[in-house]
Amino acid sequence: MQGVQQLMKVFVTRRIPHEGMRVLTESGLCKVSLWDSDEPIPRADLLQRVSGVHGILCLLSDRIDTEVINAAGPNLKVISTLSVGFDHLATDEIKKRGIRVGYTPDVLTDATAELTVALLLATARRIPEGVEEVKNGGWSSWKPLWLCGYGLSGSTVGVIGLGRIGLAIARRLKPFGVKRLLYSGRTPKSQAVEVGAEFVSLDQLVSESDFIVVSCALTPETQGLCNKAFFSKMKKTAIFVNTSRGAVVNQEDLYEALSSGQIAAAGLDVTTPEPLPTDHPLLKLKNCVILPHIGSATYSTRGIMAELSANNLLAGLTGTAMPSELTL
Ligand code: NDP
Ligand code: DGY
């Protein structure tokens, strides 16, 4: 009994795949408290449940700010997020307090890149619209001018943020016969050579691309990057796809661009807020395909993410090297 009292306390903010829970429970290192639900923990419960913990395993939908860190108190050594994105963490404050952060890069790159390609094709070839027409009786005949979209062959694709996922998307799109691959970001990337991508200014990328894919991190610099000025520079026939974070896009400006015919179509896996209210204007547009943030959602990927985040947490508790530590 005495041993149990000495175990470090961790709080897991949601039900996670069993692979992750197994790592934690079998470690014998910590006493796990779980928000045993598939739905998010209310803020008040989060503040209460983190009190006195040594480690928090959280999700991208949990805002881990100064209030949460204060509520946890001085024991807190590690925050492990079940995501590669970390815009939900108050990194400056976390760093100031010497708390370590684990995250899940690489293991979700393939799943997210695959989903991005699926979303791009679904949007460009109007697949959800077609499925709907079959169901609602709109399919009267094979019609030469009906449900035409845009193909990748011979096209120019622009990737905003050629990081792990951006590169994996580029690799997958090239074999579709893409003629030019452009990318923009803070600095040119050596890995661009592999896919023959050209580093260009954002303006050039926006005005020359037939398909624009956003795969950068959400930062103060990228927040609202895709706005009225951005959409007004796009080709009228171009397709916009975002699988990074919703806040990179100004959704009012996107609505305007889509509804006025300024751009052809958009595919979004991420929105602001999440979930998007069911009466949101973007959902009324046929040329906007919206998914519920499922980029990394394969059984295997989510299991590996859970395992990695659990191992990151344990390493943070024991003061050893994490499999994937975020450099703050
Ligand atoms: P990386 O860090 O490998 O890539 C992010 C890229 O964004 C880097 O190349 C970075 O360039 C670039 N970037 C930073 N600032 C800018 C800018 N101002 N303009 C253009 N590019 C910029 O991360 P990942 O590829 O692993 O993940 C990217 C993002 O994808 C995550 O942060 C997350 O938000 C999102 N994501 C979404 C998923 C989903 O389910 N839809 C699943 C997984 C991730 P530099 O190195 O020069 O800073
Ligand atoms: C992430 O990891 O940042 C994604 O958004 C979900 O997998």
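Because only heavy atoms are used, hydrogens play no part in the values below, and waters and symmetry mates are left out as well, while side chains stay in. Indexing begins at 1, ligand by ligand and atom by atom, following the structure's order.
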Expected rows: ligand 2 N/O, protein N/O, dist below 3.5 Å:
residue: ligand 2; atom: 2 (O); partner: V84; partner atom: N; Å: 2.8
residue: ligand 2; atom: 3 (O); partner: V84; partner atom: N; Å: 3.4
residue: ligand 2; atom: 3 (O); partner: G85; partner atom: N; Å: 2.8
residue: ligand 2; atom: 3 (O); partner: R245; partner atom: NH2; Å: 2.7
residue: ligand 2; atom: 5 (O); partner: R245; partner atom: NH1; Å: 2.7
residue: ligand 2; atom: 5 (O); partner: R245; partner atom: NH2; Å: 3.3
residue: ligand 2; atom: 5 (O); partner: H293; partner atom: NE2; Å: 2.6
residue: ligand 2; atom: 7 (O); partner: S296; partner atom: OG; Å: 2.7

Answer yes or no: is there an ion pair linking [X] with [Y], defined by an N-O contact shorter than 4.0 Å?
X: R43; Y: E67; value: yes
X: R180; Y: E208; value: yes
X: D87; Y: R63; value: no

Is atom CH2 of W146 surrounded by more than 12 heavy atoms (other residues, nucleotides or ligands) closer than 6.0 Å?
yes
Test S61 against every option in H88, E274, R14 by the side chain to side chain donor-acceptor pair (under 3.5 Å) rule and name the one that passes.
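Running side chain to side chain donor-acceptor pair (under 3.5 Å) over H88, E274, R14 with S61 returns exactly one hit, R14.
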Quick one: which of V53, N70, V50 gives a side-chain contact (heavy atoms from CB on, under 4.5 Å) with L76?
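With L76 as partner, side-chain contact (heavy atoms from CB on, under 4.5 Å) holds for just one option, V53.
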For ligand 1, list the protein residues that place a heavy atom within a distance below 4.0 Å of one of its atoms, sorted by chain and number.
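Near ligand 1, by chain and number: V84, G85, L108, T112, I160, G161, L162, G163, R164, I165, S184, G185, R186, T187, K189, S215, C216, A217, E221, T222, T243, S244, R245, D269, V270, H293, G295, S296.
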Residues at least two apart in sequence or cross-chain that pass ring-ring contact (aromatic ring centres under 6.0 Å, His included) with F231, listed by chain then number, are F240
In sequence, state the C-alpha distance, the side-chain angles, and the governing distance for S201 and D203, and then conclude on side-chain hydrogen bond (donor to acceptor under 3.5 Å, both in side chains).
CA-CA 5 Å; S201 67; D203 268 7; 5.7 Å; no
So which pairs with a foot in residues 105-115 pass salt bridge (charged side-chain N to carboxylate O under 4.0 Å, His left out), sequence neighbours left out?
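The answer is D110-R172.
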